[in-house]
Trainee: 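There's a structure below that I have some questions on.
Counting starts at 1 for both ligands and their atoms, in listed order.
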Amino acid sequence: MSQNLLKGKKGIIFGALNDQSIAWKTAEICYQQGAQIVLTNAPIALRMGEINKLAEACGNAPVIGADVTNMDDLKNLFEKSMEHFGGTIDFVLHSVGMSMNIRKGNMYTGLNHDFQHKTFDISAMSLHRVCQVAYELDAMSEWGSIVALTYIAAQRVFPDYNEMADAKALLESIARSFGYHYGVKKKVRINTISQSPTRTTAGSGVKGFDGFINYAEKMSPLGNASAEDCANYCAVMFSDMTRMVTMQNLFHDGGFSFTGVTQAVIEQMEK
Ligand SMILES: NC(=O)c1ccc[n+]([C@@H]2O[C@H](COP(=O)([O-])OP(=O)(O)OC[C@H]3O[C@@H](n4cnc5c(N)ncnc54)[C@H](O)[C@@H]3O)[C@@H](O)[C@H]2O)c1
């Protein structure tokens with residue numbers, strides 16, 4: 001059901017790979033809530049062609065390729081988006097993550113450091129790049145909202161989440177630091193949403209994901225938050241209903257982050 005929360009708003013959505021992606025659901029919800037959007041992903045991901053279906057379903061949204069590690073790509077993305085919208089951008093979703101160490105099965109204690117560098121560049125520094133490009137081009141509207149997706153491994157150890165844990169800690173810190181500067185300059189807010197484990201291409205790549213997601217389900221009073229739930233939360237964060245929220249890491253996890261133990265886990269342990 002649409003409440004027209006985002007009527008008249010214009011946003012860029014990074015990271016819709018397929019219909020399981022959190023970014024995919026967010027694009028759909030933002031469009032339903034009245035927003036106009038531009039979709040972007042790495043040129044290699046665009047070659048799969050899936051994103052064109054989403055673009056069509058979102059009012060023929062433009063699709064503009066950009067590798068988040070490339071400043072020229074990002075500059076081109078923001079310039080073309082402003083041209084398309086005929087003005088500044090109200091919201092940005094950063095929904096990007098990648099670790100070659102996870103893909104190759106390297107353990108945290110035996111990382112390939114070139115891969116680690118790439119992980120930090122794609123999964124964390126990219127938020128700084130996006131914010132800096134927007135800042136330098138003065139591309140965001142006053143009270144605009146930038147959201148990046150993160151995971152609780154930034155605060156607590158989840159051994160198989162590997163170096164992505166460190167990348168998420170950096171990502172959350174960049175949201176705070178840039179959030180300060182962008183807030184002062186133009187009242188632009190920057191937050192991270194810390195989402196439950198979710199079955200997506202990136203999520204399922206983590207070793208032991210099935211055990212991981214079932215454990216989180218049992219440890220959350222409300223159960224795991226789905227990708228659709230996360231998309232709804234993103235839409236609220238892009239709306240004017242959350243104007244004074246900035247520099248926060250917002251847990252969106254059914255209560256997992258503040259639960260010590262649940263009856264379901266106790267029963268499992270007693271078996
Ligand atoms: N799935 C989960 O369990 C979970 C939980 C918490 C947070 N998150 C975070 O949510 C975000 C979205 O992930 P998802 O789960 O929807 O998976 P996904 O695989 O659908 O999305 C990841 C996206 O990152 C893009 N990407 C990778 N390298 C890129 C590059 N160089 N330039 C531009 N884009 C690039 C991919 O093409 C893909 O679209 C990530 O930040 C992820 O860490 C996921």
Trainee: Mind checking whether H94 has a heavy atom under 4.0 Å from ligand 1?
Mentor: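 Outside the 4.0 Å threshold, so no.
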Trainee: Give the atom numbers and elements of ligand 1 that come within less than 4.0 Å of a heavy atom of T201.
Mentor: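 That gives atoms 19 (O) of ligand 1.
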Trainee: Which ligand 1 atoms does G15 reach within 4.0 Å, using its non-hydrogen atoms?
Mentor: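 That gives atoms 21 (O), 23 (C), 38 (C), 39 (O) of ligand 1.
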Trainee: At what distance, to the nearest 0.5 angstrom, does OG1 of T119 lie from CZ of R103?
Mentor: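 The distance works out to 9.5 Å.
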Trainee: Within the 4.0 Å heavy-atom shell around Q195, which atoms of ligand 1 are there?
Mentor: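 The atoms of ligand 1 under 4.0 Å from a heavy atom of Q195 are 5 (C), 6 (C).
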Trainee: In Å, rounded to the nearest 0.5 Å, how long is the span from CD of E83 to CD1 of I64?
Mentor: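 Result: 8.5 Å between the selected atoms.
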Trainee: For ligand 1, does R199 get within less than 4.0 Å through its side chain, its backbone, both, or neither, judged by non-hydrogen atoms?
Mentor: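 Answer for R199: neither.
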Trainee: Would F238 end up clustered with W143 when hydrophobic side chains under 4.5 Å apart are linked, directly or stepwise?
Mentor: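 No, F238 and W143 fall in different hydrophobic clusters.
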Trainee: With heavy atoms of A66 as the reference, note each atom of ligand 1 found under 4.0 Å away.
Mentor: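 In order of numbering, the contacting atoms are 32 (N), 33 (C).
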Trainee: Among M48, Q20, K168, whose heavy atom sits nearest atom 42 (C) of ligand 1?
Mentor: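 Heavy atom nearest to atom 42 (C) of ligand 1 belongs to K168.
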Trainee: Between A202 and ligand 1, is there a nitrogen or oxygen pair with a distance under 3.5 Å?
Mentor: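 N/O-N/O distance below 3.5 Å exists for this pair.
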Trainee: CE of M237 to OG1 of T242: how many Å apart, nearest 0.5 Å?
Mentor: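 Between M237 CE and T242 OG1, I get 4.5 Å after rounding to 0.5 Å.
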Trainee: Looking only at the side chains, is there a donor atom on one of T69 and D67 sitting less than 3.5 Å from an acceptor on the other?
Mentor: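 A pair is found: one side chain offers a donor N or O, the other an acceptor, under 3.5 Å apart.
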Trainee: Quick one: nearest non-hydrogen protein atom to atom 35 (C) of ligand 1, plus distance?
Mentor: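 The answer is V96 CG1, 3.6 Å.
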Trainee: Please could you name the atoms of ligand 1 that L149 approaches to less than 4.0 Å, counting only its heavy atoms?
Mentor: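 Counting from 1, the qualifying ligand atoms are 9 (C), 10 (O), 11 (C), 41 (O).
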Trainee: So which of L127, N70, V206, T200 gets nearest to atom 15 (O) of ligand 1, if we judge by its closest heavy atom?
Mentor: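 It is T200 that holds the nearest heavy atom.
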Trainee: Give the ring-plane orientation class for F256 versus F158, where under 30° counts as parallel, over 60° as perpendicular and anything between as tilted.
Mentor: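 Aromatic pair F256/F158 classed tilted.
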Trainee: Which residue, I12, I13, L54, forms the side-chain contact (heavy atoms from CB on, under 4.5 Å) with I37?
Mentor: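 With I37 as partner, side-chain contact (heavy atoms from CB on, under 4.5 Å) holds for just one option, I13.
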Trainee: For M247 versus R176, what's the shortest heavy-atom pair and its separation?
Mentor: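 Closest approach of M247 to R176, heavy atoms only: O-CG, 3.4 Å.
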Trainee: Relative to the heavy atoms of A45, which atoms of ligand 1 are at a distance of less than 4.0 Å?
Mentor: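 Atoms satisfying the 4.0 Å criterion: 37 (O).
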Trainee: Closest non-hydrogen protein atom to atom 31 (N) of ligand 1, residue and atom name please, with distance?
Mentor: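 Sorting protein heavy atoms by distance from atom 31 (N) of ligand 1 puts D67 OD1, 3.1 Å first.
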Trainee: Check the hydrophobic clustering (I, L, V, M, F, W, Y; side-chain heavy atoms under 4.5 Å; chains of links allowed) and say if F85 and V130 are grouped together.
Mentor: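 In one cluster: yes.
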Trainee: Specify the protein heavy atom at minimum distance from atom 4 (C) of ligand 1: its residue, its atom name, and the distance to 0.1 Å.
Mentor: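 It is S196 O, 4.2 Å.
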Trainee: Consider every N or O of S21 and every N or O of ligand 1, then say whether any pair is closer than 3.5 Å.
Mentor: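 The answer is yes, given that S21 and ligand 1 share an N or O pair closer than 3.5 Å.
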Trainee: Examine Y151 against ligand 1 and note whether any of their N/O atoms are separated by less than 3.5 Å.
Mentor: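 The answer is no, given that Y151 and ligand 1 share no N or O pair closer than 3.5 Å.
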Trainee: Please round to the nearest 0.5 Å and tell me the distance separating atom NZ of K9 and atom CG of D90.
Mentor: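 So the NZ of K9 and the CG of D90 are separated by 5.0 Å.
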Trainee: Does the structure place the NZ or CZ of K185 under 6.0 Å from the centre of the six-membered ring of Y135, at an angle of no more than 45° from the ring's axis?
Mentor: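 Verdict for Y135: a cation-pi partner in K185.
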Trainee: Considering only protein heavy atoms, which is closest to atom 12 (C) of ligand 1, and at what distance to one decimal place?
Mentor: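 Its nearest protein heavy-atom neighbour is S95 OG, 3.0 Å.
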Trainee: Among protein heavy atoms, which lies nearest atom 30 (C) of ligand 1, and at what distance?
Mentor: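 Ranking protein heavy atoms by distance from atom 30 (C) of ligand 1, first comes V68 CG2, 3.6 Å.
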Trainee: Under 4.0 Å from any heavy atom of P197, which atoms of ligand 1 are there?
Mentor: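 The atoms of ligand 1 under 4.0 Å from a heavy atom of P197 are 3 (O).
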Trainee: For I122, state whether at least one heavy atom is located under 4.0 Å from any atom of ligand 1.
Mentor: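 The answer is yes: ligand 1 sits under 4.0 Å from a heavy atom of I122.
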Trainee: Nearest 0.5 Å, please: how far is CG in L149 from CG in L93?
Mentor: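 Going from the CG atom of L93 to the CG atom of L149 covers 5.0 Å.
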Trainee: For the aromatic rings, using the six-membered ring if either is Trp, is the centroid distance between H128 and F178 under 6.0 Å?
Mentor: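 Ring centres of F178 and H128 closer than 6.0 Å.
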Trainee: Suppose we measure from atom 44 (C) of ligand 1 to each protein heavy atom; which comes out shortest, and what is that distance?
Mentor: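 Answer for atom 44 (C) of ligand 1: I22 CD1, 4.1 Å.
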Trainee: Which residue and non-hydrogen atom of the protein lie closest to atom 3 (O) of ligand 1, and at what distance in Å?
Mentor: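 Here the closest protein heavy atom is T198 N, 2.7 Å.
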Trainee: Which distance, rounded to the nearest 0.5 Å, do you find between the OG of S126 and the CG of N70?
Mentor: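 If I round to the nearest 0.5 Å, the distance is 12.5 Å.
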Trainee: Nearest heavy atom to atom 39 (O) of ligand 1: which of N18, T150, N41, L74 does it belong to?
Mentor: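 Looking at heavy atoms only, N41 sits closest to atom 39 (O) of ligand 1.
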